[in-house]
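Since the structure comes first, as structure tokens, the remarks are kept for the end.
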Amino acid sequence: MSSASRDSETGLDDVLSETCSRLEATLAALCGRLVPFPAFMGMTTIQAVELEPALNPKTDRGCVVVTPDGMIAELDVTAIPGVVGVLEVDQVEEFKPLKNLSPEEYLIYLAAAIRALSEEARRRGV
């Protein structure tokens, strides 16, 4: 790889990193304005907003959400047997941080999160 190509690639990486940082700050500000944070699919126990990116990511990652602290994660909800006679089924929620995302994929999820939370803020008149 030539020196010019490396410099160009490094410059692009810097721009992507700066863009991600700015979008993360915007996302954090939006999260702070949405109190209480939206409930996931009407469940009172989970605060998260499902992300539906306009562009399809490279890999199916399951249910990707943004949490009240601005983290973009995969939500895993597992049903477990509940106390007999009280609850038939209980659930365990786990937010798994997305790993090995390229900067481009991360930008797609950041944009989807900002879009979803902006729409929620508009609905609330915030």
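As the structure is a prediction and not an experimental result, all values here were calculated from the model.
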- Any idea which heavy atoms bring A48 and F95 closest together, and the distance? CB-CE2, 4.0 Å
- Task: Mind listing the closest non-hydrogen atom pair of N100 and E105 along with its distance?
- Result: O-OE1, 4.5 Å
- Message: I need the full list of salt bridge (Lys or Arg N to Asp or Glu O under 4.0 Å) pairs touching residues 21-31, with sequence neighbours left out, sorted by first then second residue.
- Response: E18-R22
- Looking at L110, L117, I114, which hits side-chain contact (heavy atoms from CB on, under 4.5 Å) with V66? L117
- Query: For L16 and P103, which heavy atoms make the closest approach, and how far apart are they?
  - Reply: CD1-CB, 3.9 Å
- Query: Any side-chain heavy-atom pair from L107 and E104 closer than 4.5 angstrom?
  - Reply: no
- Query: Taking the side chain as C-beta and beyond, is there a heavy-atom pair between L27 and Y109 under 4.5 Å?
  - Reply: no
- Message: Quick check on M43: does its CE atom have over 12 non-hydrogen neighbours (other residues, nucleotides or ligands) under 6.0 Å away?
- Response: yes
- Message: Do L23 and Y106 make a side-chain contact, defined as non-hydrogen atoms from C-beta onward lying under 4.5 Å apart?
- Response: no
- Query: Does some side-chain heavy atom of C31 sit less than 4.5 Å from a side-chain heavy atom of D69?
  - Reply: no
- Task: May I have all residue pairs that pass side-chain hydrogen bond (donor to acceptor under 3.5 Å, both in side chains) and include part of residues 42-52, sequence neighbours excluded?
- Result: T45-Q91
- Do I72 and L101 have side chains that get closer than 4.5 Å, going by heavy atoms? no
- Connected-component partners of V126 among ILVMFWY, side-chain separation under 4.5 Å: none
- Under 4.5 Å between side-chain heavy atoms, hopping through other hydrophobics if needed: is there a path connecting V49 to M41? no
- Note on the structure: Output for pair (R61 CZ, L75 CG), nearest 0.5 Å, gives 15.5 Å
- Message: Test: salt bridge (Lys or Arg N to Asp or Glu O under 4.0 Å). Region: residues 117-126. Which pairs qualify, not counting sequence neighbours?
- Response: E120-R123, E120-R124
- Item | In one Ile/Leu/Val/Met/Phe/Trp/Tyr side-chain cluster, 4.5 Å: M71, L30 | no
- Task: Output every pair passing salt bridge (Lys or Arg N to Asp or Glu O under 4.0 Å) with a member in residues 91-102, not counting sequence neighbours, ordered by first then second residue.
- Result: D76-K96
- Query: Members other than V15 in its cluster, when Ile, Leu, Val, Met, Phe, Trp, Tyr link by side-chain heavy atoms under 4.5 Å?
  - Reply: none
- Please name the pair of heavy atoms, one in F40 and one in C63, separated by the smallest distance, quoted to 0.1 Å. CZ-SG, 3.7 Å
- Task: Return the minimal non-hydrogen interatomic distance between P53 and A112, and the atom names on each side.
- Result: CA-CB, 3.8 Å
